[in-house]
Amino acid sequence: MGKEKGTSSPPLPLGERVKKAIGVKGDFKTAILPMINYSFANMYMGGAGYIINMYYMVFLTDVVHLDIKLAGVSIMIATLWDAVTDPIMGIITDRTRSKTGRHRRYLLFGLIPMAVSYTLLWNGFGLDGAAAPGKAMVYYTVVYMAYKTAYTIIGVPHTAMLPELAPEYDLRTQYNSMGYLFNSAGMVPSFVATALILALFGCNSNLNSSAKTPMLIVGIVLSLFYCIAVWLTYHNVREKSSLDMVNPPLDVRAIINEYIQVFRSKSFREYFFMSVAYQFSTGFYSNTKVYYIKYLANQYAFYAIHNAIAGVAEAAAFPLNYALTMKHGKKKCGSIVTPLMVAGLALGFFMQPAGTGVSKYIWLGVMILSMLLYPFGMSGLGFVSTNVFPDLTDVDEAITGRRREGVLSTFNTFIKKSIGGVMTALVGFALGGFGLVTGEEVEKYEKANNALFPQTDTAILGVRICVALVPIVAALVALFLLNRFKMTKEDHVIVRAAVAAKHKYGAVALSAEEKEAIEKITGQKMEKMWLGQNDDGSQPHSLEKNENGEYVILLELEEERKAFLEQQKALDEERKAAAKS
């Protein structure tokens with residue numbers, strides 16, 4: 001029956017209107033609140049890494065006086081250690097049998113190691129890289145290895161948790177978008193706290209050996225802040241019990257095979273090489289930026305301000321990236337905004353030192369424009385990389401028949417943190433090879449002459465290449481690989497439905513279109529995958545749809561997920577009431 005003339009539907013509540021306007025799906029209790037709880041730990045992931053990227057390399061070279069090549073080697077060694085611990089943690093979390101789930105407990109286990117090691121990163125107990133380079137290098141290498149291990153204990157399980165908490169395609173985008181906002185919520189106070197502490201001690205305009213005490217204070221303050229963030233996620237997130245999980249036997253051959261199997265997925269291979277190219281680009285840029293601002297642009301006094309501008313530009317891109325992703329799929333924003341990243345890098349290549357008069361303001365404007373374009377454009381590929389990853393776990397399950405979020409998240413976290421470490425070493429060797437001078441010699445000259453150390457033209461050319469030319473080439477490669485990535489929302493829905501039916505009925509019967517879609521994104525023939533096997537002779541079950549064209553089995557899974565969240569919420573309220581009484 002139609003609406004009566006002159007009547008209209010009641011207006012939606014303000015909260016619902018806001019949600020509809022920005023494309024958020026789900027109610028507060030079963031969708032939005034769980035996203036917030038999961039994302040608290042992102043304040044640590046975003047904040048800690050941001051400060052390390054901004055200050056750690058220059059801390060080692062200009063505060064500790066460690067040679068730039070030794071600093072690069074130190075970080076590279078820690079990265080190689082990271083390559084060992086990440087896969088181990090991925091296997092551990094995948095095989096954990098616990099009443100509270102496979103991942104959550106490790107966030108608690110990593111708290112104290114993270115706090116201690118992050119503080120020690122910024123405290124060398126008086127070690128000087130010029131007077132005792134061997135001791136300083138060994139100390140900072142061991143401490144950075146310890147920090148990488150602590151990060152792994154927290155980061156791998158946290159990333160691996162997402163596909164289970166948010167099984168649906170768009171819901172995962174919402175979770176990652178909330179995580180992106182909480183990354184910024186970690187970066188901003190971390191940046192402000194660091195800048196204020198350095199300013200309080202008069203070190204904001206130029207880091208040197210006098211910054212040892214303020215950087216230690218930075219480490220202590222930030223580690224406490226990150227502990228609170230990670231604990232909030234541990235305390236509030238709930239996972240299903242994994243006690244009924246059956247683990248296959250594990251030996252060295254099985255461990256190696258775990259990671260070989262990951263690359264059976266065509267979608268994962270496309271994602272992996274795209275992400276490597278992206279991290280190669282951002283790694284070279286971020287590790288060269290401080291020398292670019294100091295020696296090429298001659299604007300180090302505004303280093304904090306430039307980074308603030310870059311942070312605002314990256315955050316400003318979020319609404320566009322989110323809208324494009326929700327409307328056009330998870331790769332669209334990368335295709336559209338990445339050219340802006342390339343344009344910002346190109347401006348950096350032609351940058352000249354800020355002089356006096358009109359030229360000073362011209363090159364200051366060029367610097368600001370570059371700082372706006374690069375992070376705005378960079379955010380697109382980053383958004384794609386983050387949002388695509390959870391869907392790869394479902395593709396992997398179609399091939400192997402197992403939930404292996406830990407193994408796959410190992411590659412995800414390894415790309416984000418380890419590739420950056422390798423880039424640090426490469427940048428150190430490259431800049432050193434071009435003749436860039438850092439450390440005690442630079443500090444003595446700048447104190448005596450109240451002017452920047454006169455780097456050679458060759459050294460400045462090395463800065464240009466590392467901060468712009470190499471990142472441009474890598475970004476273009478990443479963009480090319482992005483356009484080859486094939487999985488769509490429709491493909492993912494088919495995979496999830498097929499996997500769910502296989503688990504429930506033992507065998508699944510697919511239409512020609514469904515089979516073609518799955519074989520396209522897996523790169524495997526159906527009979528070669530777990531999904532296409534029927535060893536126990538089960539009756540194949542077709543994928544049923546309702547009148548709206550939705551897979552019935554996925555609707556059932558969503559109802560089960562909501563029921564679990566409601567149950568856990570009720571249990572939490574009972575515990576709080578019992579504690580008060």
Side-chain angles (χ1 to χ4, degrees), residues 53 173 176-177 180 183 263 265-289 292 310 313-350 369-392 395 411-412 414-416 418-420 422-423 426-427 464-489 491-492 520-521 523:
N53 287 338
T173 297
N176 280 319
S177 298
Y180 184 90
N183 278 339
F263 282 90
S265 168
K266 180 182 178 182
S267 294
F268 181 83
R269 294 195 299 269
E270 293 171 342
Y271 163 85
F272 178 79
F273 291 113
M274 176 197 72
S275 297
V276 167
Y278 170 69
Q279 291 299 323
F280 201 95
S281 176
T282 58
F284 256 80
Y285 176 85
S286 63
N287 285 295
T288 311
K289 182 173 66 174
Y292 158 61
E314 184 177 356
F318 168 74
L320 175 62
N321 290 332
Y322 181 80
L324 289 171
T325 299
M326 296 298 286
K327 188 171 183 180
H328 299 289
K330 295 185 177 182
K331 56 184 279 188
K332 192 67 173 181
C333 62
S335 300
I336 289 180
V337 305
T338 301
L340 298 179
M341 172 186 179
V342 174
L345 291 169
L347 288 176
F349 185 80
F350 295 104
L369 182 59
S370 174
M371 283 287 183
L372 288 171
L373 290 175
Y374 169 78
F376 192 99
M378 175 201 69
S379 69
L381 279 171
F383 206 71
V384 172
S385 180
T386 300
N387 280 299
V388 163
F389 164 73
D391 303 334
L392 301 174
V395 179
F411 283 92
N412 191 41
F414 176 79
I415 290 167
K416 289 181 178 178
S418 297
I419 297 298
V422 172
M423 293 309 102
L426 291 177
V427 168
R464 291 186 191 278
I465 291 173
C466 290
V467 84
L469 190 59
V470 173
I472 285 174
V473 173
L476 291 175
V477 170
L479 186 59
F480 170 76
L481 294 173
L482 170 64
N483 290 327
R484 292 174 61 88
F485 187 79
K486 301 301 181 184
M487 184 165 56
T488 65
K489 178 179 179 179
D491 295 330
H492 179 253
K520 177 189 70 174
I521 62 175

Item checked: Rounded distance [0.5 Å steps], CZ in F485 versus CE in M274 -> 7.0 Å

Notebook entry, point to check: What is the ring orientation for F389 with Y271, classed by angle as parallel under 30°, tilted 30 to 60°, or perpendicular over 60°?
Noted result: tilted

Note to self: How long is the straight-line distance from CG of L372 back to CZ of F376, given to the nearest 0.5 Å?
What the structure shows: 10.0 Å

Item checked: Derivation and outcome, side chain to side chain contact (heavy atoms under 4.5 Å, CB included), residues M326 and T173 -> CA-CA 8 Å; M326 296 298 286; T173 297; 3.7 Å; yes

Notebook entry, point to check: Is there a donor-acceptor pair under 3.5 Å between the side chain of K330 and the backbone N or O of N387?
Noted result: yes

Notebook entry, point to check: Do the non-hydrogen side-chain atoms of Y374 and V342 ever get within less than 4.5 Å of each other?
Noted result: no

Item checked: Pairwise side-chain contact, Y180 with T386, heavy-atom cut-off 4.5 Å (strictly under) -> no

Item checked: Exercise: do S379 and N321 side chains pair donor with acceptor under 3.5 Å -> yes

Margin query: Can you give me the closest heavy-atom contact between C333 and V384, atom names plus distance?
Written below: SG-CG2, 3.8 Å

Notebook entry, point to check: Between atom CG of L426 and atom CG of N287, what is the distance when rounded to the nearest 0.5 Å?
Noted result: 9.5 Å

Notebook entry, point to check: If you look at every heavy atom in A475 and M341, which pair is closest and at what distance?
Noted result: CB-CE, 4.0 Å

Next item on the list: Without swapping roles, check the side chain of S370 against the backbone of G344 for a donor-acceptor pair under 3.5 Å.
Entry: yes

Next item on the list: Answer yes or no: is there a donor N or O on one side and an acceptor on the other, between the side chain of D491 and the main chain of M487, under 3.5 Å?
Entry: no

Margin query: We want to know whether S275 and S385 form a side-chain donor-acceptor pair, criterion being a heavy-atom distance below 3.5 angstrom.
Written below: yes

Next item on the list: For residues H492 and V395, determine if any side-chain heavy atom of one lies less than 4.5 Å from a side-chain heavy atom of the other.
Entry: no

Notebook entry, point to check: To the nearest 0.5 Å, what is the distance between OG1 (T282) and NZ (K289)?
Noted result: 11.0 Å

Item checked: ring-ring contact (aromatic ring centres under 6.0 Å, His included) between F383 and Y322, intermediate numbers included -> CA-CA 8 Å; F383 206 71; Y322 181 80; 7.1 Å; no

Checklist line | Spatial distance of atom CE (M378) from atom OH (Y278) [nearest 0.5 Å] | finding: 4.5 Å

Next item on the list: Looking only at non-hydrogen atoms, find the nearest pair between I521 and S267 and report the distance.
Entry: O-OG, 2.6 Å

Next item on the list: Compare every heavy atom of A346 with every heavy atom of F350, then report the nearest pair and how far apart it is.
Entry: CD1-O, 3.2 Å

Note to self: If you compare all heavy atoms of G348 against all heavy atoms of A468, which two are closest, and at what distance to 0.1 Å?
What the structure shows: C-CB, 4.3 Å

Notebook entry, point to check: What are the two closest non-hydrogen atoms of G283 and S286, and how far apart are they?
Noted result: O-OG, 3.3 Å

Check: Atom CD of E270 and atom CG of L392: how far apart are they, to the nearest 0.5 Å?
Finding: 9.5 Å

Notebook entry, point to check: Would you say the side chain of P390 lies within less than 4.5 Å of the side chain of N176, judging by non-hydrogen atoms?
Noted result: yes

Check: Is the shortest heavy-atom distance from the side chain of K331 to the side chain of V388 under 4.5 Å?
Finding: no

